[in-house]
Amino acid sequence: MERTRSQASSARSGPLSIVPRLKRRGLLAQLTLIPEVERPYEYPNKIKWAITAFVAMAACAAPMGSSIFFPALPEMTKDLDASATVVNLTVALYMLAMSIFPLWWSSFSETLGRRDIYLVSFFLNVVFSLLCGLSVNIAMLIVFRVLSGGAAASVQAVGAGTIADIWEPRERGRAMGYFYWGPLVGPLLGPIIGGALTEGFNWRGTVWFLTAYGAVVFVLVLFCVPETLAKRKPAAVAEPSHANDLSRISTARSVQAHTKQTVAWLKRCFIDPLEIILYLRFPAVAITVYYAAITFGALYVLNISIQSAFSSAPYNFSPIILGLLYLPGSLGYFATTILGGRWIDRIMVRAAEKARRYDADGKLVYLPEDRMRENAWLAATLYPGALIWSGWTLQYGVHWAAPAVANFFFGVGSMLVFSAATTMLTEFMPGRSSSGVALNNFVRNILSCTGGIVGQPLIDAMGVGWLMTTVGLVAWISGNLCIWFLRKNSRKWRAQMDKALNTK
């Protein structure tokens, strides 16, 4: 398959080809203030950045919902008369839903379009979040937490597809960095907001906040996010009957035809989305997903260690102060969002120019592995080193500023990984960008769920210093091996993957 190419000059040389309002795709598409266009690359940059900001805001919802409960867990055990272990399931199973549901959202988005998925999922998120707040026992809360998390998680996969729809490869790294700031800032702002709401009101205040946030996202998407999927996959339809209108079809044949249609519909709804997992058979996809997932798992181990260490002696910080100590990592994400994506885009241009890769029109041809250069080597050492730094300063009760600085550098290093890996997946699988990111989301959230569950028991057994050292060493060795394999074999693996996907 011919790889992605720069199309900036040709796409922006003429006027926008705006789709007439009555022909726009998606639910209530006539209400959008930003028009749908034939070629989304044609949007002016200000509109692209507006869409990117709205999608990033939507992507913040699900991860924020996973962490906003942390300060409220003790109060929930009392109010709902449940054990701490059972109450922790409201977070763990929420994260598990975030890993599984996007497989279906992404599959449907490649057929139905991005806008329909956003609107349906956030409408359901608002309803389920509202029911969470009305829960009268822990079982009801867990059920609706799982459903609300699965609904909000749609953007984790579909959002990256929207970014790939509107941004060209030469600019996509910076845009993906801004988009990814949403799902990464969510877990860091969640404890701050949750602590304030729990102290000011009660644990239900956190759920009312999530309900209101979901409603705001729904309204923004309704009026400000047009359909961006350039070409829909044709839906499977039954072959038309060529029999004469007057002829009668036997009851047996009629039942057989309806049965085939029902089976096809059930397969499309319940089986086809699981085929996304089969993309792991391609080494380039599997290694990229693993590289991002091990980093995401480390993030949640770090989040647990921050809560555990700063809430106990010698720190003994209050819930609000504890929440504020998640900010240094967020600042690291922000710094990398501003500078890192642009840096990666420049690395891609330099690599293409150095290799003299030009198409027939004289435009640079970019390859996904161009994103794995000095930025990747730096990230593979920076965030594991920051983990070990944070772990031992927390272990010995060093002044809070020392682990806070370490957490800043963890944010910088991990963001470089997330941005590059997510963008590479959209480029390894052109035309299947949401599927690639959904697969990434599936694996990484399973690891983050595992990290969130086993983090505290391991801290109790090993101590935070040795735990972070172990995780840091695993991440450092894994990261460097992943980069080495991708740099050495990516071209060969891409060719094999393109051949396999194009023969389908």
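- In this structure, F410 and M415 have side chains that are not in contact, with every pair of non-hydrogen atoms separated by 4.5 Å or more.
- In this structure, the side chain of S83 engages the main chain of V86 through a donor-acceptor pair within 3.5 Å.
- Checking side-chain atoms of Y326 against main-chain N and O of I192 turns up no donor-acceptor pair under 3.5 Å.
- Salt-bridge check for R25 with D116: failed, with every basic side-chain N at 4.0 Å or more from each acidic carboxylate O.
- Between W49 and W167, the distance separating the two ring centers is shorter than 6.0 angstrom.
- Closest approach of V216 and M57 over heavy atoms only: CG1-CE, 3.7 Å.
- Interatomic distance, CH2 of W203 versus CD1 of I68, reported as 12.0 Å (0.5 Å rounding).
- Side chains of I51 and P226 form a contact here, defined as non-hydrogen atoms less than 4.5 Å apart.
- R115 places a side-chain N or O within donor-acceptor distance of the main-chain N or O of L28, the cut-off being under 3.5 Å.
- The structure places OG1 of T469 at 8.0 Å from CE of M462, a figure rounded to the nearest 0.5 Å.
- Smallest separation of non-hydrogen atoms from V412 and L382: CG1-CD2, 3.8 Å.
- Between C224 and I34 the shortest heavy-atom distance is O-CD1, 3.1 Å.
- Between the OG atom in S308 and the CG atom in L394 there is a gap of 9.0 Å [rounded to 0.5 Å].
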With side chain to side chain contact (heavy atoms under 4.5 Å, CB included) as the criterion, how do H399 and T393 come out once you've worked through the C-alpha distance, each side chain's angles and the decisive distance to 0.1 Å? CA-CA 8 Å; H399 189 274; T393 52; over 6 Å; no

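- Between Y333 and S414 the shortest side-chain heavy-atom distance falls below 4.5 Å.
- For Y118 and S154, the side-chain atoms include no donor-acceptor pair closer than 3.5 Å.
- A donor-acceptor distance shorter than 3.5 angstrom exists from the side chain of S135 to the backbone of L131, with no hydrogens or angles considered.
- The main-chain N or O of P63 is found under 3.5 Å from a side-chain atom of S66 such that the two form a donor-acceptor pair.
- Checked against a 6.0 Å centroid threshold, the rings of Y383 and F409 do not count as neighbours.
- Side chains of F69 and V207 form a contact here, defined as non-hydrogen atoms less than 4.5 Å apart.
- The main-chain N or O of Y94 is never found under 3.5 Å from a side-chain atom of R145 such that the two would form a donor-acceptor pair.
- Summarising the local packing, CZ of F317 is surrounded by more than 12 heavy atoms from other residues, nucleotides or ligands at distances under 6.0 Å.
- The backbone N or O of L387 sits nowhere less than 3.5 Å from a side-chain atom of S390 that would complete a donor-acceptor pair.
- Here the side chains of V37 and V19 are not in contact, with every heavy-atom distance at 4.5 Å or above.
- No side-chain donor from either of S129 and W208 sits under 3.5 Å from a side-chain acceptor of the other.
- Considering OG1 of T52 and OH of Y178, their distance stands at 10.5 Å, rounded to 0.5 Å.
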Report the C-alpha separation of S478 and Y291 in whole Å, then their side-chain angles, then the decisive distance to 0.1 Å, and conclude whether the side chain to side chain donor-acceptor pair (under 3.5 Å) test is met. CA-CA 7 Å; S478 297; Y291 185 35; over 6 Å; no

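- Taking both residues in full, the closest heavy atoms of V301 and L467 are given as CG1-CD2, 4.0 Å, listed atom of the first, atom of the second, then distance.
- Contact check for I117 versus R114: no side-chain heavy atoms found under the 4.5 Å cut-off.
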Begin from the C-alpha positions of L119 and L222 and carry the test side chain to side chain contact (heavy atoms under 4.5 Å, CB included) through to its verdict. CA-CA 7 Å; L119 290 175; L222 181 64; 4.1 Å; yes

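- Summarising the local packing, CG of D81 is surrounded by 12 or fewer heavy atoms from other residues, nucleotides or ligands at distances under 6.0 Å.
- In this structure, a donor-acceptor pair under 3.5 Å is absent between the side chains of W343 and N375.
- For the residue pair S148/N125, the side-chain donor-acceptor check at 3.5 Å is not satisfied.
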Output, in order, the C-alpha distance, side-chain angles, deciding distance and verdict of side chain to side chain contact (heavy atoms under 4.5 Å, CB included) for M64 and I193. CA-CA 9 Å; M64 181 166 58; I193 298 171; 4.0 Å; yes

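- In this structure, G150 and A97 approach most closely via the heavy-atom pair N-CB, 3.9 Å.
- Rounded to the nearest 0.5 Å, atoms CD1 (I306) and CH2 (W400) are 12.5 Å apart.
- A donor-acceptor pair is defined here as one N or O able to donate and one able to accept, closer than 3.5 Å; such a pair exists between the side chain of K48 and the backbone of Y41.
- In this structure, L229 and S109 approach most closely via the heavy-atom pair CD2-O, 3.4 Å.
- Counting heavy atoms from C-beta on, the side chains of L425 and V285 come closer than 4.5 Å.
- Under the 3.5 Å distance criterion, the side-chain polar atoms of S305 are matched with a main-chain donor or acceptor of L302.
- Ring-plane geometry between F296 and F418 is classed as perpendicular, the angle between the planes exceeding 60 degrees on a 0 to 90 degree scale with a lower cut at 30.
- The residues E227 and R24 are annotated as not salt-bridged, no charged nitrogen and carboxylate oxygen being separated by less than 4.0 angstrom.
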Going through the distances and angles, do V87 and I138 end up as a side chain to side chain contact (heavy atoms under 4.5 Å, CB included)? CA-CA 7 Å; V87 168; I138 190 64; 4.2 Å; yes

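- Enclosure of atom OH in Y315 by more than 12 non-hydrogen atoms of other residues, nucleotides or ligands within 6.0 angstrom is indicated.
- In this structure, CG in L280 is found 4.5 Å from CG in L439, a value given to the nearest 0.5 Å.
- At least one donor-acceptor pair under 3.5 Å links the side chain of R21 to the backbone N or O of Q30.
- No side-chain heavy atom of V146 sits less than 4.5 Å from a side-chain heavy atom of F128.
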